[in-house]
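This report refers to the structure that appears directly beneath it.
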Amino acid sequence: MAGDGTIGKACDVLEQVAAFERPVRFGELLERSEFPKATLYRFLQSLTNQGMLHYEPERQTYSPGMRLVRLAHSAWTHSSLAPIARPFLDALSAETGETVHLAQLDSGQVLYVDKRNAQRPIEMYSEAGKVGPAYCTGVGKAMMAYLDEAQLEKTISQQSFHRFTDKTLASEKALRADLVKIRSRGYAVDDEEHEPGIICIACPILTNGGRMLGALSVTGSTGRMDFEQLQSWVPRVRRVAEQIGTEAQAWRFPEGQQNRMQAT
């Protein structure tokens, strides 16, 4: 996890604090840190002084600071598809009654940027703000299928190919074969590849010029539907993905910015 220089190391400490998802004591951070005690303490002090971390003296704990929260909110607003896609997700969720996901790629992984729960919610891994694997999720494969060769090579190199279920495509060869099919038919499926009982269809969100911005999916449970039922929504999901892509291109994603996003 080591970053580039002092800034990279400070970012590693921020990520470590955030990963606990609760206020954390110095000793807990030190147990997992690659830095010596004095170095870790110095970074924590500097980040606290800059408002990036908050220190609670009574409990002696660290947590993300308000300055970091404000920066994160600004980044989310300006680089995420979520604000653009919100009305489209609302409409698709109301129409299908099933779980709807909006995702983008982040360092080769899936970042869920928004989610609408089903009318009868089902328990699953995904939540807005969570990161998941790209090689075995519908949204992940839908996005990977539309990367150029250089971006795809880099993204594949970032996959773990852990086998979550008996149906997980746990090799580069299997993934590449599936990506060819996805590009041919224009949508991806997750047939219980990430979680048992969870199935989904996903379409890429592209600009008019074919640049990949993200992906949209409708997810269901094998307990109440089969793939034939779920796939009946493909034309509608594809249409909504096209609408989001057109809106995003016109509003928030000029060419230069998108190139920087895909390079991460």
Side-chain angles (χ1 to χ4, degrees), residues 1-83 102-115 125-135 137 139-140 143 147 150-151 153-162 164 213-214 252-254 256-264:
M1 276 205 44
D4 297 330
T6 302
I7 294 177
K9 293 174 182 177
C11 287
D12 288 347
V13 174
L14 281 175
E15 285 192 33
Q16 188 183 2
V17 173
F20 277 85
E21 299 184 348
R22 60 171 173 79
V24 58
R25 297 174 68 90
F26 178 80
E28 295 176 289
L29 291 168
L30 185 61
E31 287 178 1
R32 302 187 185 184
S33 177
E34 63 185 51
F35 303 121
K37 181 177 181 179
T39 303
L40 176 62
Y41 182 76
R42 186 171 68 252
F43 277 125
L44 290 170
Q45 287 293 102
S46 296
L47 290 167
T48 300
N49 291 340
Q50 292 297 318
M52 304 298 280
L53 290 177
H54 171 72
Y55 180 69
E56 175 54 56
E58 291 186 6
R59 298 178 182 177
Q60 298 184 335
T61 57
Y62 295 91
S63 58
M66 288 307 300
R67 185 177 182 185
L68 180 61
V69 172
R70 287 194 298 270
L71 288 171
H73 177 74
S74 177
W76 186 273
T77 300
H78 287 86
S79 65
S80 170
L81 284 170
L102 179 72
Q104 292 177 261
L105 278 179
D106 182 9
S107 299
Q109 305 302 305
V110 167
L111 172 63
Y112 293 98
V113 296
D114 211 347
K115 177 182 180 180
Y125 170 84
S126 60
E127 291 294 342
K130 268 194 172 184
V131 174
Y135 66 96
T137 54
V139 285
M143 290 186 284
L147 294 174
Q151 292 167 339
E153 287 292 339
K154 181 177 180 180
T155 302
I156 287 179
S157 73
Q158 294 169 314
Q159 305 308 304
S160 64
F161 292 110
H162 169 76
F164 290 93
L213 301 177
R252 292 284 182 129
F253 292 90
Q257 179 179 341
Q258 182 56 28
N259 289 340
R260 291 193 297 273
M261 288 174 59
Q262 290 188 355
T264 60

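These values consider heavy atoms only, across backbone and side chains, with no hydrogens, waters or symmetry-generated copies.
Side-chain atoms of Gln159 come within 3.5 Å of backbone N or O of Gly108 as a donor-acceptor pair. Side chain of Gln104 to main chain of Leu81: a donor-acceptor pair is present (N/O by atom type, distance under 3.5 Å, no hydrogens or angles). In this structure, Ser33 contributes its side chain and Leu30 its backbone to no donor-acceptor pair below 3.5 Å.
Taking each heavy atom of Pro23 and Ser63 in turn, the nearest pair found is CA-CB, 4.3 Å. Taking each heavy atom of Val110 and Gly140 in turn, the nearest pair found is CG2-CA, 3.5 Å. Taking both residues in full, the closest heavy atoms of Lys9 and Phe43 are given as CB-CZ, 3.6 Å, listed atom of the first, atom of the second, then distance. Residues Phe164 and Pro133 come closest through the heavy atom pair CE1-CG, 3.9 Å. The minimum heavy-atom distance linking Val17 with Tyr62 is given by the pair CG1-O, 4.0 Å.
A heavy-atom distance below 4.5 Å is not found between the side chains of Tyr135 and Gln158. In this structure the side chain of Thr61 never reaches within 4.5 angstrom of the side chain of Val24, judged on heavy atoms. Counting only heavy atoms from C-beta outward, the side chains of Tyr55 and Gln60 approach each other to under 4.5 Å. Side-chain atoms of Gln16 and Phe35, non-hydrogen and from C-beta on, never get closer than 4.5 Å to each other. Side-chain contact between Leu47 and Leu68: absent, with no pair of heavy atoms (C-beta onward) separated by less than 4.5 Å. Put simply, the side chain of Thr137 reaches to within 4.5 Å of the side chain of Tyr112, judged on heavy atoms.
With rounding to the nearest 0.5 Å, the separation of CG in Leu44 from CG in Asn49 is 10.5 Å. In this structure, the separation between CD1 on Ile156 and CD on Glu153 is 6.0 Å, given to the nearest 0.5 Å. Once rounded to the nearest 0.5 Å, the distance linking CG of Leu40 with CD of Gln45 reads 10.5 Å. Atoms CE and CD, from Met143 and Gln109 in turn, are 10.0 Å apart once rounded to the nearest 0.5 Å. A distance of 9.0 Å separates OG1 of Thr48 from NE2 of His54, quoted to the nearest 0.5 Å. Distance check, rounded to the nearest 0.5 Å: CG of Leu213 to CG of Leu105 gives 11.0 Å.
Aromatic ring orientation, Tyr41 versus Phe26: perpendicular (interplanar angle above 60°, classes split at 30° and 60°).
Residues that satisfy the side-chain hydrogen bond (donor to acceptor under 3.5 Å, both in side chains) test with Arg42, not counting sequence neighbours, are absent from this structure.
The number of heavy-atom neighbours closer than 6.0 Å to CZ of Arg59, taken from other residues, nucleotides and ligands shown, is 12 or below.
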